Amino acid sequence: MKPPGLAERPALKPGCRLSPASNPESLLLIPEGALRLHGPGRRILELCDGQHTLADVIDQLQMEFPSAEANRIAGEVVTYLSRLHEKGAIEFL
Amino acid sequence: MIAPPQALIAEVTHRCPMHCVYCSNPLEMQSADRELSTDAWTAIIRDAAGLGCFHLHLTGGEPLSRKDVEQLVRVARDAGLYTNLITSGLGLSRARLKDLVAAGLDHIQLSFQDSVEETANAIGGARAHAYKLRVASWIREHRLAFTVNAVVHRHNLDRLQEFIGLAEQLNADKLEIANVQYYGWAFRNRDYLMPTRAQVAKSLPIVVAAQERLKGKMRIDFVLPDYYAKYPKPCMGGWGRKLILIDPAGRVMPCHAAGVIPGLQFENAQDKPLRFIWEQSDAFQCFRGDEWMQEPCRSCERKGIDFGGCRCQAFLLTGDATATDPTCSKAPERSAVDEAVSKANRDDQLNQLPRGDWVYRIDPVMRA
């Protein structure tokens with residue numbers, strides 16, 4: 001699969017959603033089960049609303065985590081979302 | 001500490017308008033007059049969420065034979081659960097689907113019996129195929145996950161390519177291709193359903209090629225026919241490890257077929273909390289760990305992978321639920337599987353359709 005473009009808008013696929021914020025554990029619920037979210041995972045996915053572009057998501061994360069290296073954040077967001085795309089949990093609009 | 005189950009499988013009814021010859025429901029079903037009330041299921045669903053489940057699978061029979069499925073979906077959603085409806089599509093109208101989605105349904109699994117109407121209806125014992133196609137088009141009017149369940153066997157495996165094409169055409173997010181597993185009614189009809197070795201061999205590259213071609217578009221899960229496998233399947237992800245199932249009358253079980261094992265006492269969800277039943281009841285404890293295992297399982301390096309296979313299958317094929325699952329190539333009683341496989345590969349008569357001699361699943365009979 002080709003890597004996503006910066007202008008594309010990532011979104012959770014139908015049937016995929018974040019567990020309610022009230023749950024003790026943060027999960028991405030998907031048809032096959034659930035993925036435990038670690039670190040900034042939940043924050044990244046909150047931004048995947050079909051409105052923000054991939055570039056927006058990266059910008060936002062870089063802003064919220066100023067101590068981390070900007071390039072590294074960009075790389076990790078792309079890898080993370082590509083992996084979830086392959087799992088069928090994310091689509092690019 | 002025993003980790004909580006990931007999912008509650010709620011078999012809300014055994015009633016079904018389909019009569020599939022491979023139905024996995026038990027031969028002795030729970031009748032409508034024994035079914036739990038809406039209030040009882042409501043309490044159970046909340047209890048399961050409290051226990052730590054995050055998925056609810058509503059199944060049956062045909063769950064939509066009950067009028068309260070929308071209500072149960074809403075209860076589950078409010079309790080924080082992800083809800084999945086496993087249905088034949090019969091009992092679903094465009095309006096009812098809309099209500100289910102509004103109630104918070106996340107995922108729907110729609111079964112198909114074949115890509116060709118005539119055989120599909122012959123296998124299902126109902127004129128259902130054309131209606132299912134309509135249901136599929138309604139599903140795509142909503143934003144929810146859509147899986148097509150394709151059960152494959154001797155009489156449709158040769159059309160696997162077309163079956164995959166049907167799921168693509170219906171725009172499914174996922175296709176689950178499951179070879180028939182021989183429990184319940186399928187065990188009764190096993191000889192007629194078992195594919196030949198050549199059919200199985202031909203199907204594998206078709207699946208792999210489709211998985212590659214449809215990557216990112218439609219996921220394809222494939223359940224191998226375990227009679228042709230070298231090692232048994234880790235049934236239910238291991239006994240009492242991941243899943244908790246409740247039958248229409250409230251019996252709490254480690255799997256849908258466990259009722260065949262003599263001597264197992266199932267607690268009722270109306271009498272005791274699920275946590276107690278999951279963590280302490282005999283039916284869940286008896287095949288956890290490895291103390292119940294016989295050789296070669298107990299000293300096998302795969303015991304943590306497949307847990308000795310399926311207990312129900314071990315019982316059905318050997319009469320002993322603690323035996324090694326005979327689908328394992330190391331099983332002392334592998335001959336029980338080999339004989340069935342050999343018959344399937346020898347007897348061309350089994351290819352005939354329609355069959356007068358297979359047993360269609362019937363509806364549960366009300367108690368007098």
Side-chain angles (χ1 to χ4, degrees), chain A residues 1-38 41-54 57 77-93, chain B residues 3-9 49-57 76-86 100-101 104-110 139-149 171-176 211-223 237 241-243:
Chain A
M1 272 187 292
K2 63 174 175 51
L6 285 173
E8 289 185 272
R9 289 168 289 123
L12 288 172
K13 288 247 296 199
C16 300
R17 63 181 165 95
L18 294 166
S19 57
S22 55
N23 280 22
E25 229 183 342
S26 203
L27 302 169
L28 174 60
L29 299 166
I30 61 172
E32 294 77 25
L35 306 169
R36 292 207 157 76
L37 301 175
H38 304 286
R42 188 179 180 97
R43 185 65 191 128
I44 295 173
L45 294 177
E46 279 169 353
L47 294 165
C48 294
D49 53 6
Q51 307 292 323
H52 294 85
T53 64
L54 181 56
V57 177
V77 169
V78 171
T79 311
Y80 189 65
L81 293 179
S82 301
R83 217 180 63 220
L84 288 175
H85 178 55
E86 208 152 310
K87 275 189 189 287
I90 283 280
E91 60 189 346
F92 290 97
L93 307 174
Chain B
Q6 298 171 1
L8 166 63
I9 303 171
L51 175 59
C53 287
F54 43 73
H55 269 225
L56 170 68
H57 302 286
R77 181 76 185 226
D78 289 345
L81 292 173
Y82 184 100
T83 58
N84 175 26
L85 178 69
I86 302 168
L100 285 161
V101 174
L105 186 67
D106 290 292
H107 178 203
I108 190 163
Q109 287 182 257
L110 180 64
I139 291 172
R140 286 287 73 160
E141 292 170 1
H142 302 277
R143 238 186 114 72
L144 82 167
F146 173 32
T147 295
V148 165
N149 284 5
N171 224 338
D173 300 306
K174 193 171 93 173
L175 169 63
E176 195 173 291
Q211 281 170 331
E212 188 53 39
R213 181 172 62 81
L214 296 165
K215 224 175 195 175
K217 195 172 158 231
M218 182 174 84
R219 279 172 58 97
I220 301 179
D221 284 355
F222 183 65
V223 179
R241 284 173 60 89
K242 295 187 166 166
L243 304 166

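Keep in mind it's a predicted model, so treat the numbers as computed, not measured. Note on naming: letters A, B, ... go to the chains in the order of the sequence lines (proteins, then strands), and numbering restarts at 1 for each one. FYI, side chains are in, hydrogens and waters are out, and symmetry mates aren't considered; it's all heavy atoms of this structure.
Contacts with chain B were tallied for G88(A), P14(A), G33(A), S19(A); P14(A) has the most, counting heavy-atom pairs under 4.5 Å.
Two residues are said to be in side-chain contact when any heavy atoms from C-beta on lie closer than 4.5 Å; I139(B) and N171(B) fail this criterion. At a threshold of 4.5 Å between non-hydrogen side-chain atoms, the residues L110(B) and L85(B) do not count as touching. Residues D106(B) and R77(B) have side chains in contact (heavy-atom distance under 4.5 Å, counting atoms from C-beta outward).
Heavy atoms closer than 4.5 Å to chain B are found in the backbone of I30(A), but not in its side chain. With a 4.5 angstrom heavy-atom cutoff, K174(B) touches chain A only via side-chain atoms. For chain B, no part of L84(A) is nearby; none of its heavy atoms comes within less than 4.5 Å. When heavy atoms are compared at a cutoff of 4.5 Å, R219(B) approaches chain A solely by way of its side chain, counted from C-beta outward. Of the two parts of E25(A), neither the backbone nor the side chain holds a non-hydrogen atom closer than 4.5 Å to a non-hydrogen atom of chain B. Only the backbone of L81(B) comes within contact range of chain A, judged by heavy atoms closer than 4.5 Å. Contact annotation for P31(A): both backbone and side-chain heavy atoms come within less than 4.5 Å of a heavy atom of chain B.
In this structure a side-chain-to-backbone donor-acceptor pair under 3.5 Å is missing from H55(B) to Y82(B).
Residues forming a side chain to side chain donor-acceptor pair (under 3.5 Å) with Q109(B) (at least two apart in sequence, or on another chain): N84(B), N149(B). Looking at residues two or more places apart in sequence or on another chain, you find a side chain to side chain donor-acceptor pair (under 3.5 Å) between R43(A) and E46(A), E64(A).
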